[in-house]
S.K.: 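Have a look at this one.
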Amino acid sequence: MESNKQNSTKTEEIKEEIKTVQNQTPEGVPPEEFDDLQRKVHSYSDQQWILFQRIGGGVLGLLCGYLLTYFGNFESIGMYGTIAAVLIALFVPGMVEKRVKRSVQKGRFALMIGLGIWLLAYLGIMLIQGVPLTVTGA
């Protein structure tokens, strides 16, 4: 009986210590301050933020698809379109995430979907126009 009381007392003490530690901020670390853009982004509800991510990610995906397909037709600068599309897809979401200090994971997913839709639409247009997909040897 007495050991149960001791255990419950120890458990209560541990819970209080955990609450105290969670409420403290480490010394030397200033509280996070947001600039105007970050305050505005953090004031959006989760539903609004998800909508903005999906719109922005979709637009970036379509832009990457455009760069891949349009500039890919030019022999001299075709590689630059590919490089630009890769750089946009890899670095822009991370830069936005660091700038606004809010997750953009759904935006990344929308970027991939937008790029996939662009490429499938481009493939469909090529098939309708009768562009050969494979090269036959001479």
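Note that this is a predicted model, so its numbers are computed, not measured.
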S.K.: What distance do Tyr70 atom OH and Ile77 atom CD1 have between them, rounded to the nearest 0.5 Å?
M.R.: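 Here the rounded value is 7.5 Å.
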S.K.: Would you give the length of the straight line joining atom NZ of Lys101 to atom CZ of Phe34, rounded to the nearest 0.5 angstrom?
M.R.: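 If we round to the nearest 0.5 Å, Lys101:NZ and Phe34:CZ are 6.5 Å apart.
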S.K.: Report the C-alpha distance between Val92 and Leu111 in whole Å, list the side-chain angles of each, state the deciding distance to 0.1 Å, and finish with yes or no for side-chain contact (heavy atoms from CB on, under 4.5 Å).
M.R.: CA-CA 11 Å; Val92 169; Leu111 186 147; over 6 Å; no
S.K.: Are Val59 and Tyr122 co-members of a hydrophobic cluster defined by side-chain heavy atoms under 4.5 Å apart?
M.R.: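 No, separate clusters.
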S.K.: Same hydrophobic cluster for Ile117 and Phe109, using side-chain heavy-atom links shorter than 4.5 Å among ILVMFWY?
M.R.: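 Yes; tracing contacts between hydrophobic side chains, which count when under 4.5 Å, links both residues.
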S.K.: How would you list, by chain and number, every residue that makes a side chain to side chain contact (heavy atoms under 4.5 Å, CB included) with Leu127, sequence neighbours excluded?
M.R.: Leu123, Leu133
S.K.: Could you report the tightest heavy-atom contact between Ala110 and Gln53, atom names first, then the distance?
M.R.: CB-O, 4.3 Å
S.K.: Under a 4.5 Å side-chain heavy-atom rule over Ile, Leu, Val, Met, Phe, Trp and Tyr, are Trp118 and Phe74 clustered together?
M.R.: yes
S.K.: Measuring from Leu51:CG to Lys106:NZ, what's the distance to the nearest 0.5 Å?
M.R.: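 Between atom CG of Leu51 and atom NZ of Lys106 there are 12.5 Å.
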S.K.: Using the rule that Ile, Leu, Val, Met, Phe, Trp and Tyr join whenever any side-chain heavy atoms are under 4.5 Å apart, tell me whether Met79 and Leu63 fall into a single cluster.
M.R.: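 Same cluster.
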S.K.: Contact between Leu62 and Leu115 at the side-chain level, heavy atoms closer than 4.5 Å - yes or no?
M.R.: no
S.K.: Check Arg39, Lys40, Gln38 against Asp36 for a side-chain hydrogen bond (donor to acceptor under 3.5 Å, both in side chains) and give me the one that passes.
M.R.: Arg39
S.K.: Below 4.0 angstrom, N of the basic side chain to O of the carboxylate: do Asp35 and Arg99 qualify?
M.R.: yes
S.K.: Any side-chain to backbone donor/acceptor pair from Gln129 onto Met126? Under 3.5 Å, distance only.
M.R.: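 No; judged by distance alone, with no hydrogens or angles, the pair does not exist.
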S.K.: Partners of Val100 by side chain to side chain contact (heavy atoms under 4.5 Å, CB included), sequence neighbours excluded?
M.R.: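 Per chain and number, Val100 pairs via side chain to side chain contact (heavy atoms under 4.5 Å, CB included) with Leu37, Val41, Trp49, Val96, Arg102.
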S.K.: CG/Leu68 to CD1/Ile83 distance, rounded to the nearest 0.5 angstrom?
M.R.: 11.0 Å
S.K.: Can you give me the closest heavy-atom contact between Cys64 and Ala85, atom names plus distance?
M.R.: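 Scanning both residues completely, I find the closest heavy atoms to be SG-O, 3.4 Å.
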S.K.: First locate atom CD1 of Ile55, then atom CG of Leu60, and finally report the distance between them rounded to the nearest 0.5 Å.
M.R.: 12.0 Å
S.K.: Among pairs that include at least one residue of residues 83-98, which meet salt bridge (charged side-chain N to carboxylate O under 4.0 Å, His left out), considering only residues two or more places apart or in two chains?
M.R.: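 Found Glu97-Arg108.
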S.K.: What's the spacing between Phe71 CZ and Tyr80 OH if we round to 0.5 Å?
M.R.: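 Reported to 0.5 Å precision, the distance equals 12.0 Å.
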S.K.: So do Thr82 and Leu67 actually touch side chain to side chain, heavy atoms under 4.5 Å?
M.R.: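 They are not in side-chain contact.
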S.K.: Would you say Met112 ends up clustered with Leu90 if hydrophobic residues are merged whenever their side chains have heavy atoms under 4.5 Å apart, either directly or through other cluster members?
M.R.: no
